[in-house]
Protein chains: 2
Amino acid sequence: MRKANAKERILNTAGKLFFRHGYSEVGINEIIAKAETAKASFYQHYPSKKALCEAWLSDVHYRSEVSRADLLDSDATPRGKIEIYFDQLKSFMEQSEFRGCPYSNTGAVSGGECTGIIEQIQGHKESIRGFLREVCFQHVSDKKKADTLGDRIFLLYSGATTESQNLKEIWPIEIARDAALELIN
Amino acid sequence: MRKANAKERILNTAGKLFFRHGYSEVGINEIIAKAETAKASFYQHYPSKKALCEAWLSDVHYRSEVSRADLLDSDATPRGKIEIYFDQLKSFMEQSEFRGCPYSNTGAVSGGECTGIIEQIQGHKESIRGFLREVCFQHVSDKKKADTLGDRIFLLYSGATTESQNLKEIWPIEIARDAALELIN
DNA sequence: GCCTTTACAGACCGACCTGTCTGTTTATGT
DNA sequence: ACATAAACAGACAGGTCGGTCTGTAAAGGC
């Protein structure tokens, strides 16, 4: 018996490969070879490569949502939560060699023909947006102001991720964090 | 004789296809079929598909740089230039069906192994960043303040492009424009 | 002991990929 | 009229792709 069952091994291996090299650059043969499983085992658990990709994105979404919920319910100040959120992004980008957002990257590959993946991307982005709006609402307690403030921080966050990936540098995240913290004052 | 020579036809056709469907989703055969040329003619002008991609990005960069230089030298106020720049992005996203930035999209595909393309992406991004910094310098005439202000607008611009693409909606650009205009006040 | 489920190995298929090659046609300059 | 270069058509090679198929091995419940 292996350390984990085949389905989990496939999902973990594919996740790493999709994230590092991009969905379209990774083949089924590479996934099953690195996961040390057989092609028949793969198709026993996932009907297609696209379904595996959706399972991966769903898994990432679940974990990130738990993390945001924890941060939202923590006893830090709203301002502190924003700071922590950007610092988490910073360490994520550093330790992932500036690979950026798995959702945006996957969406950039599939030019728009795959509806299932697009829906997951939009759900994930709206989740982050809602989180930032809620944090801001804890700060200003004015729904409308909190929404526009949260949206602006959301765009700073997204831009920081994108350009940190493009330029392979960390300063966009620091600039965005400073700008967000000034906005919330 | 065709309306344009083969090299230009290939570049224009490939540009449209790369932009709409993504670099890795478009093959040589499709390009030459849509460009109504022969494979031998293609390899007479471009040594490889990657070289064609670099030529396309270089062409896009040249045209966008001219556009930014025109805007920079125009007689609009710095604030007006920012506004025009975001409005240009808005109409670009609308008429391109939310395909986003060709550079970021291409960079998301090639996970980092292709240095030539990465250099072009970074050059393009730094060009936009420099443009925004200069516009801000026309406004605040304090080099350090102009730089951080320009960088913040740069991140808003990037985030607006990314999320407008992801969500297939136009509001991120309007939010980013409003935020940028408030920042510059 | 048997039986069902799960995982294994890997051949095989048709389609597609980039890139090479041979040879023909067309346009242009002199 | 003729030479030269560009564009043409398309077969071909060597490889990879996602996905299907047949058959075997091992584990767990009864």
- prompt: Shared ILVMFWY cluster between B:F137 and B:L155, side chains joined below 4.5 angstrom?
  reply: no
Separation of atom CZ in B:R9 from atom C1' in D:dA6, rounded to whole Å: 12 Å
- prompt: Can you name the residues that form a side chain to side chain contact (heavy atoms under 4.5 Å, CB included) with B:V26, not counting sequence neighbours?
  reply: B:L17, B:F18, B:H21, B:E30, B:I31
field: Short side-chain N/O contact to C:dT6 OP1/OP2 from A:H45, under 4.0 Å
entry: no
task: Identify whether A:F92 and A:I121 are in the same connected component of the hydrophobic contact network (ILVMFWY, side-chain heavy atoms under 4.5 Å).
output: yes
Any A:T37 side-chain N or O less than 4.0 Å from OP1/OP2 of C:dC8: yes
Any B:I82 side-chain heavy atom under 4.5 Å of B:L132 side chain: yes
query: Does A:V60 reach the side chain of A:F19, with side-chain heavy atoms less than 4.5 Å apart?
result: no
task: Scan nucleotides 10-18 of chain D nucleotide by nucleotide, 5' to 3', and note B when protein non-hydrogen atoms come under 4.0 Å of the base, S if they reach only the sugar-phosphate, - if neither.
output: B------SS
statement: For A:I84, the side chain to side chain contact (heavy atoms under 4.5 Å, CB included) test, sequence neighbours excluded, returns A:L71, A:A76, A:Q88
statement: Between CZ of A:F42 and P of D:dG19 the distance, given in whole Å, is 7 Å
query: Quick one: ring pair (Phe, Tyr, Trp, His ring centres under 6.0 Å) pairs with a partner in residues 157-182 of chain A, sequence neighbours left out?
result: A:Y85-A:Y157, A:F86-A:Y157
task: Using a 3.5 Å limit on both pairing distances, list the dot-bracket string of DNA chain C from the 5' end; Watson-Crick and G-U wobble pairs count, crossing pairs take [ ], interstrand pairs take |.
output: ||||||||||||||||||||||||||||||
- prompt: Hey, what else clusters with B:V66 if you join Ile, Leu, Val, Met, Phe, Trp, Tyr whenever side-chain heavy atoms sit under 4.5 Å?
  reply: B:Y62
